[in-house]
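The next block holds one structure in the form of structure tokens; read it before the comments.
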Amino acid sequence: MKALRLSVTRALGGVALAASLAAPLAAQQAPAAGTATTLDAIRARGSLICGVNTGLAGFAQPDSQGVWRGFDVDYCRAVAAALWNDASRVRYVPTTAQNRFTALQSGEVDMLSRNTTWTLSRDTSLGFDFTGINFYDGQGFMVKASAGVRTARDLNGATICVQPGTTTEQNLTDWARANRIQFTPVVIEQLNDVVQAYVSGRCDAYTTDVSGLASTRSAQARPQEHVILPDVISKEPLGPLVRHGDQRFADLLRWIHYGLIGAEELGITAANVAQAAASDQRPEVQRMLGRTGDLGRMLTVDNAWLLNVIRTVGNYGEVFERNLVPIGLQRGPNALWTNGGLQYSPPFR
């Protein structure tokens, strides 16, 4: 391994993989509070409680005024716009990788809109429903540019920072075993702490989703001193999730996402959506924006729900451009299917 310093430091308070999984697995034993009436409870409360990241640039982070901004935050705002045409009616609850599932299961939050990978076990044994893939991601590695590392295989013998209770931790172990890579894990729960451990040199590399690496790098004083390696070792389909049995709420979130995609496909933006609603004669546009049909009522919202959403946050491309391009992320697999990507909306009819 070129120019890498081998550290014997082990993370204080680190936990084994089995222990890291215990907390979320235990959450499935808790009663799924309000699963049948979450949407009714939200309406009665008059606000949405949205579980977000504790602070990840581009995805969910409060600005200097304490206003939450980011890609995942815009999905929370879109829900409020669909329900009340008022994106301010959201309370944001920061959740860590370890407590996010308990927060959703217990009813502390109505939904999770944070970097969470759709897996079979989370979809079934943990009692959740994912409502769509709004960001196709994959796990990677970041190292200091001064280390001279070119590929992940150069990390043999390195110490690697990773958060517990994530698919990242298991992926790292599986990848290392398959490729006969020896490493020392530095396992730390809080995002800020694990990033600080990497920046301070406590570990030689940091691994998480590539989106998270880009976010972390963009937040550094000298981003050019950090390199995201080209290796992507997993599939990480990310998206919002709700509790099992929350079909009405899940339907609304699912079609909000498809509405953002569909609007981009049809060239509908925050700037022209009002004009499109008034004069665009394409049948799909008329149905989407509530001019004809009753699609909103099928979702138990006003027929102008998507007009309000697009007017508030823009289409999917606008949400991506506003939040993720500034931290160095490009569309890639998140481009529309018409541009070689994976984002695709079912028909609005």
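From a predicted model like this one, the values you see are computed outputs, not experimental measurements.
When every heavy atom of Arg202 is checked against every heavy atom of Ile188, the shortest pair comes out as NH1-CD1, 3.8 Å. Nearest approach of Leu48 to Trp84, heavy atoms of both residues: N-CH2, 3.8 Å. Of all heavy-atom pairs between Gly239 and Asn134, the closest is CA-OD1, 3.6 Å. What you find for Pro240 and Leu253 is that their closest heavy atoms are CB-CD2, 4.2 Å. Ala78 and Ile256 make their closest contact through CB-CG2, 3.7 Å (heavy atoms, listed as atom of the first residue, atom of the second, distance). A pairwise comparison of heavy atoms in Leu252 and Ala82 identifies CD1-CB, 4.3 Å as the closest pair.
Using the six-membered ring where Trp is involved, Tyr258 and Trp255 have ring planes that are perpendicular, over 60° apart on the 30 and 60° scheme. Between Phe141 and Trp175, the angle of the ring planes lies from 30° to 60°, which puts this pair in the tilted group. Tyr75 and His257 have tilted rings, their planes meeting at an angle from 30° to 60° on a 0 to 90° scale.
Here the straight-line distance linking atom CG of Leu241 with atom CZ of Arg114 works out to 10.0 Å at 0.5 Å rounding. Here Ile160 contributes atom CD1 and Thr184 contributes atom OG1; the two are 8.5 Å apart, rounded to the nearest 0.5 Å. If you take CG on Leu289 and CD1 on Ile310, they are separated by 8.0 Å, rounding to the nearest 0.5 Å. The CG atom of Asn179 sits 5.5 Å away from atom CD1 of Ile181, with the distance rounded to the nearest 0.5 Å. Between atom CG of residue Asn85 and atom CZ of residue Arg311 there is a gap of 5.5 Å, rounded to the nearest 0.5 Å. Atom CG of Leu238 and atom CG of Leu112 lie 12.5 Å apart (nearest 0.5 Å).
Counting heavy atoms from C-beta on, the side chains of Asp209 and Thr168 come closer than 4.5 Å. In this structure, the side chains of Leu336 and Asn339 come closer than 4.5 Å at one or more pairs of heavy atoms. Looking at heavy atoms from C-beta onward, Val149 lies out of side-chain contact with Val227 at the 4.5 angstrom threshold. The side-chain heavy atoms of Leu342 and Asn334, taken from C-beta on, include no pair separated by under 4.5 Å. Residues Phe135 and Leu324 have side chains in contact (heavy-atom distance under 4.5 Å, counting atoms from C-beta outward). When side chains are defined from C-beta on, Val90 does not count as touching Trp68, because their heavy atoms never get closer than 4.5 Å. You'll find the side chain of Val73 reaches within 4.5 Å of the side chain of Tyr92, heavy atoms only. Looking at heavy atoms from C-beta onward, Gln343 lies in side-chain contact with Tyr136 at the 4.5 angstrom threshold.
The stretch residues 101-182 participates, sequence neighbours left out, in these disulfide bond (SG atoms under 2.5 Å apart) pairs: Cys161-Cys203.
Of the possible polar contacts, one joining the Asp154 side chain to the Arg150 backbone as a donor-acceptor pair under 3.5 Å is found. For the pair Arg322 (side chain) and Gly314 (backbone), a donor-acceptor distance under 3.5 Å is absent. The closest donor-acceptor contact from the side chain of Asn272 to the backbone of Ile268 lies at 3.5 Å or more, if one exists at all. Counting only distance, with no hydrogens or angles, the side chain of Asn315 and the backbone of Glu318 share a donor-acceptor pair below 3.5 Å. At distances below 3.5 Å, not a single donor-acceptor pair connects side-chain atoms of Asn53 with backbone N or O atoms of Ala60. At least one donor-acceptor pair under 3.5 Å links the side chain of Asp63 to the backbone N or O of Gly66. Here the side chain of His244 pairs no donor or acceptor atom with the backbone of Leu126 at under 3.5 angstrom. A donor-acceptor pair under 3.5 Å links the side-chain atoms of Thr159 to the main chain of Asp204, judged by distance alone. A donor-acceptor pair under 3.5 Å is formed between the side chain of Ser200 and the backbone N or O of Ala197. Arg217 places no side-chain N or O within 3.5 Å of a backbone atom of Pro223 that could act as its donor or acceptor partner.
No more than 12 heavy atoms of other residues, nucleotides or ligands lie within 6.0 Å of CZ in Arg297, so this atom counts as exposed by the packing criterion. Around CD of Gln224, the count of heavy atoms belonging to other residues, nucleotides or ligands within 6.0 Å exceeds 12. For CZ of Arg153, the number of neighbouring non-hydrogen atoms (other residues, nucleotides, ligands) closer than 6.0 Å is 12 at most. Counting heavy-atom neighbours within 6.0 Å of Glu321 CD, excluding the residue itself, gives a total of 12 or less.
Val325 is connected to Tyr316 through a chain of hydrophobic side-chain contacts under 4.5 Å among Ile, Leu, Val, Met, Phe, Trp and Tyr, so both are in one cluster. A continuous path of hydrophobic side-chain contacts links Met298 to Val309 [ILVMFWY only; heavy atoms under 4.5 Å].
Remark: Thr54 engages Pro94, Thr96, Leu191 in a side chain to side chain contact (heavy atoms under 4.5 Å, CB included) (not counting sequence neighbours). Under the side-chain hydrogen bond (donor to acceptor under 3.5 Å, both in side chains) criterion, Thr300 pairs with Arg43, sequence neighbours left out. Not counting sequence neighbours, Arg177 has no partner by the side-chain hydrogen bond (donor to acceptor under 3.5 Å, both in side chains) test. Arg287 is linked by a side-chain hydrogen bond (donor to acceptor under 3.5 Å, both in side chains) to Glu284, counting only residues two or more places apart in sequence or in another chain.
With no hydrogens or angles considered, no side-chain donor-acceptor pair links Thr38 and Asp110 at under 3.5 Å. Inspection of the Glu189 and Gln163 side chains reveals no N or O donor paired with an N or O acceptor under 3.5 Å. In this model, a donor atom of one side chain and an acceptor atom of the other lie less than 3.5 Å apart for Gln139 and Thr207. Residues Arg69 and Asn323 bring no donor and acceptor atom of their side chains to less than 3.5 Å of each other. Looking at Ser211 and Asp137, their side chains do bring a donor and an acceptor atom within 3.5 Å of each other. For the 3.5 Å distance criterion, the side chains of Asn303 and Asp294 qualify, holding a donor opposite an acceptor.
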Could you go through Asn171 and Glu236, starting from their C-alpha distance and side-chain angles, then the distance that decides it, and tell me whether this counts as side-chain hydrogen bond (donor to acceptor under 3.5 Å, both in side chains)?
CA-CA 10 Å; Asn171 291 339; Glu236 304 296 327; 2.6 Å; yes

side-chain hydrogen bond (donor to acceptor under 3.5 Å, both in side chains) between Gln281 and Gln286, intermediate numbers included:
CA-CA 7 Å; Gln281 296 303 307; Gln286 292 184 356; 3.2 Å; yes

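Partner of Val162 under the side chain to side chain contact (heavy atoms under 4.5 Å, CB included) criterion, chosen from Val194, Thr208, Val187: Val187.
Relative to the six-membered ring of Tyr198, Lys144 meets both conditions, a distance below 6.0 Å and an angle of at most 45° to the axis.
Using a 4.5 Å cut-off between side-chain heavy atoms of Ile, Leu, Val, Met, Phe, Trp and Tyr, Tyr344 falls into a hydrophobic cluster with Trp337.
Salt-bridge formation is detected for the pair Glu264/Arg331: a Lys NZ or Arg NE/NH1/NH2 atom is positioned less than 4.0 Å from an Asp or Glu carboxylate oxygen. Contact check on Asp251 versus Arg248 returns no salt bridge, with no Lys/Arg side-chain nitrogen under 4.0 Å from an Asp/Glu carboxylate oxygen.
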